[in-house]
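In what follows, chains carry the letters A, B, and so on, assigned in the order in which the sequence lines appear, proteins first and then strands, with residues in each chain numbered from 1.
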Number of protein chains: 2
Amino acid sequence: MASSENTGSSVRRVTMRDVAQLAGVDVAVVSKMLSGDASLSVRESTRERVLRAVAQLDYRPNYAARSLRRSRADAFGLVVPDFHNSVYSGIIDGAQSAANAMNYALLTVSASPTSDEESRLAALFGNGTIDGLLVAGAARADELVRLFRKRGQPVLSVNRRIPGLDRYVILDDFAAARQAVRHLVELGHTRIGHIGGPRDLDTSTRRLDGFFSAMQDAGLAIPTSYIVNADYTPRGGYQAMRSLLELSEPPQAVLAANVTSALGAMSAAYEAGVSIPNDLSLISIHDLDLAEYASPALTVIRMPIYEMGRLAVQLLADTPPNDAIEQVVDTPLELIARHSTSRPHA
Amino acid sequence: MASSENTGSSVRRVTMRDVAQLAGVDVAVVSKMLSGDASLSVRESTRERVLRAVAQLDYRPNYAARSLRRSRADAFGLVVPDFHNSVYSGIIDGAQSAANAMNYALLTVSASPTSDEESRLAALFGNGTIDGLLVAGAARADELVRLFRKRGQPVLSVNRRIPGLDRYVILDDFAAARQAVRHLVELGHTRIGHIGGPRDLDTSTRRLDGFFSAMQDAGLAIPTSYIVNADYTPRGGYQAMRSLLELSEPPQAVLAANVTSALGAMSAAYEAGVSIPNDLSLISIHDLDLAEYASPALTVIRMPIYEMGRLAVQLLADTPPNDAIEQVVDTPLELIARHSTSRPHA
DNA sequence: CTGAAAGCGCTTACAG
DNA sequence: CTGAAAGCGCTTACAG
């Protein structure tokens, strides 16, 4: 009477046998039909009966059984360091889209860099749940990566190069920083500072290199004090900008290595009474919907993050697991000139 | 010679039989030991041999086999509408944390409201991959929800009430809006406007109700033009604020139903030369790291999103699948008074 | 305390 | 064109 008596799996799962029985055929026929076996030719009437039975019973092949039998999961795993970061959101979207296109599942989990997470991750993904592993950015998954490599299962690092792993997809951070600096130089700036990312992170060092390279091309000097490391957060950008503005001769223009730190930097400038872009030009790498609604709207180099996610899954699927993958996404970068940069007004 | 010859699953998977053989016991012993069967008593020396064999072979129980045999997946699924939204990031974090604590996997996917996504989702999660389903916010998963209900498998809607489903966890949006209005009233404001969410979304109507309720308590009139619907985006908030500021007598204070739309609204005020908080006070529901670094820093009602995620998983796991769950998270809301609200200066 | 055996629901040669 | 049978790697009564 009470529907709450109907607990758990009280409803017997419908199985391939049920379908076969209802359609009056052998399970092998059902199996081959449903898995799209090309070598199968069935009489049209049989095909129809099977399809009708499948629909009538709302049959769905059991995942665990299929996976066990074929010893593959038709799934990839993606480990991100943090769900609260639009860079990873973009990677996830791209990766999910590519996975869907090949009828693979994408299982995304976050792994903050605490030690017990490592073994949890290995337990979660190390047992046949996934056929290939994507590790994005600073996510900690060393144990899992070792395991996959040992077993000859494919691994790929996304947006970062992991020491000892010759398989990665990255963006052209070097070119992005160069393009940003060129924009500032073309506007007429000469005193240009840099709010960098975490000191030893792969993306930040490449952006820093690009910054140096473009400054050198332009024949511009870089006082040591003009380079400040932050941590890709609003707070980090805020502090970095403060230290820049406290200099006896502050920069006229700043490249922030990351959009959220740029937004934090804007806040510090506002607080110090420094007007952007009149007193200070600011440009950053990566776009964000909020960047357009900052005051003033932030000028930005938009990076092909979504494309990187897509490409990562495709490479993971299509490259033999022990081949090297050293790929820089070649989708063109895009300068989105908004209102935080202008010619120097001094 | 070339390591690239070692393709695919060339490395034979180590199986429970291998462990049993190496340890000189039956697989049943290994199985019971590894699944923590309480009814098992093994000689200490046997236990040691098994453990050593497991470690030596780096054995990990095959997920598909275990799942097939026990007909459960030890996993929950979470469907979100969008990874680019800190509300869902918070829900994911909370849910993942609770799932980890009970040794369950949490599989998170996004489902934008396009029709073919629906059947893809059903194929992905409808085949025994997960033991329970969480649907967050506006994510479209109707087909999957129906399927789970029919089978007597647990479903729970998070941060939204789905028509016809008496199982949900939501926040106290009503109380949040009331608290926000009270803050403005206490500061001395009387002309208070509201930038609402999408017209028919569950969360926005509850926030709107709270707004009305608190205004009524304060004996304040609400011109129709003071209520503007937006869509929880920066752009929506921007447009809504513009229309508010074009009024012949604009509000002195505004409650934005959502933090990103509040940030967009700030941009419109800035553009119109309206100074916050001098000319206009602004408060919003939900916090965001960037809200603290807006100029001025945004005053906010912080909502227990992470707690909602945790609670959702716990309820999903602990409640019989056909019982009703109608839960409002009772973690206290928190007013974070920053610098976007002040007494009226007129 | 330990072993033998059935079976979860599929897929895949193989036979007819 | 269709059927019978083995087996993927576990878990779980059951027997000893």
Side-chain angles (χ1 to χ4, degrees), chain A residues 8-9 11-51 53-54 57-74 123 126-129 131 151, chain B residues 8-9 11-51 53-54 57-74 123 126-129 131 151:
Chain A
S9 36
V11 184
R12 198 176 68 74
R13 220 159 146 11
V14 11
T15 185
M16 195 176 265
R17 282 189 50 178
D18 301 324
V19 175
Q21 243 155 33
L22 182 59
V25 298
D26 189 272
V27 288
V29 178
V30 180
S31 171
K32 285 175 190 151
M33 262 191 62
L34 260 37
S35 53
D37 186 331
S39 76
L40 178 77
S41 53
V42 261
R43 205 179 297 155
E44 186 51 29
S45 63
T46 311
R47 170 178 302 275
E48 260 177 28
R49 263 182 297 131
V50 171
L51 255 24
V54 166
L57 299 174
D58 196 13
Y59 169 70
R60 291 150 201 275
N62 180 281
Y63 172 77
R66 163 178 290 206
S67 172
L68 173 60
R69 185 52 237 243
R70 306 172 60 190
S71 51
R72 34 182 266 233
D74 287 350
N127 55 9
T129 315
D131 303 321
R151 291 201 198 136
Chain B
S9 37
V11 184
R12 197 176 69 75
R13 223 164 142 7
V14 11
T15 185
M16 196 176 266
R17 281 187 51 175
D18 301 325
V19 175
Q21 242 155 35
L22 181 58
V25 297
D26 189 273
V27 288
V29 177
V30 180
S31 172
K32 285 174 190 153
M33 262 191 61
L34 259 38
S35 55
D37 186 330
S39 76
L40 178 77
S41 53
V42 263
R43 205 179 298 156
E44 186 50 32
S45 63
T46 311
R47 168 177 304 275
E48 259 178 27
R49 262 181 297 131
V50 171
L51 256 24
V54 166
L57 299 174
D58 197 12
Y59 168 70
R60 290 152 202 275
N62 180 279
Y63 172 77
R66 163 178 291 205
S67 171
L68 173 60
R69 183 54 235 242
R70 305 172 60 191
S71 52
R72 33 181 267 234
D74 287 352
N127 55 10
T129 316
D131 302 320
R151 292 201 196 137

To the nearest angstrom, how far is [X] atom [atom1] from [N] atom [atom2]?
X: A/Arg49; N: D/dT2; atom1: CZ; atom2: P; result: 7 Å
X: A/Arg13; N: C/dG7; atom1: CZ; atom2: C1'; result: 16 Å
X: B/Arg17; N: C/dG3; atom1: CZ; atom2: P; result: 14 Å
X: B/Arg43; N: C/dG3; atom1: CZ; atom2: C1'; result: 14 Å
X: B/Asp74; N: C/dC8; atom1: CG; atom2: P; result: 20 Å
X: A/Arg60; N: C/dC10; atom1: CZ; atom2: P; result: 13 Å
X: A/Met33; N: C/dC10; atom1: CE; atom2: P; result: 15 Å

Where the side chain of [X] meets the backbone of [Y], is there a donor-acceptor pair that is under 3.5 Å apart?
X: B/Ser35; Y: B/Ser31; result: yes
X: B/Arg151; Y: B/Gly126; result: yes
X: B/Arg49; Y: B/Ala23; result: yes
X: A/Asp131; Y: A/Ala73; result: yes

Under 4.0 Å protein heavy-atom contact, by nucleotide of nucleotides 11-16 of chain C - B base, S sugar-phosphate only: BBBB--
Taking only side-chain N and O atoms of A/Thr15, does any of them lie within less than 4.0 angstrom of OP1 or OP2 on C/dC10?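 Yes, such a contact exists.
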Report yes if the side chains of A/Leu22 and A/Val19 come closer than 4.5 Å at any heavy-atom pair, otherwise no.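 Sidechains of A/Val19 and A/Leu22: no contact.
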Are B/Val30 and B/Val25 close enough that some pair of their side-chain heavy atoms sits under 4.5 Å apart?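 Touching, per the 4.5 Å side-chain cut-off.
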Base, sugar-phosphate, or nothing for B/Thr46, non-hydrogen atoms under 4.0 angstrom?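 Sugar-phosphate, no base atom in range.
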A correct dot-bracket answer for DNA chain C, with pairs being Watson-Crick or G-U at under 3.5 Å, [ ] for crossing pairs and | for inter-strand pairs, is |||.||||||||.|||
Considering only D/dC10, D/dC1, C/dT2, which nucleotide approaches the side chain of B/Tyr59 most closely?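 Between D/dC10, D/dC1, C/dT2, the one nearest the side chain of B/Tyr59 would be D/dC10.
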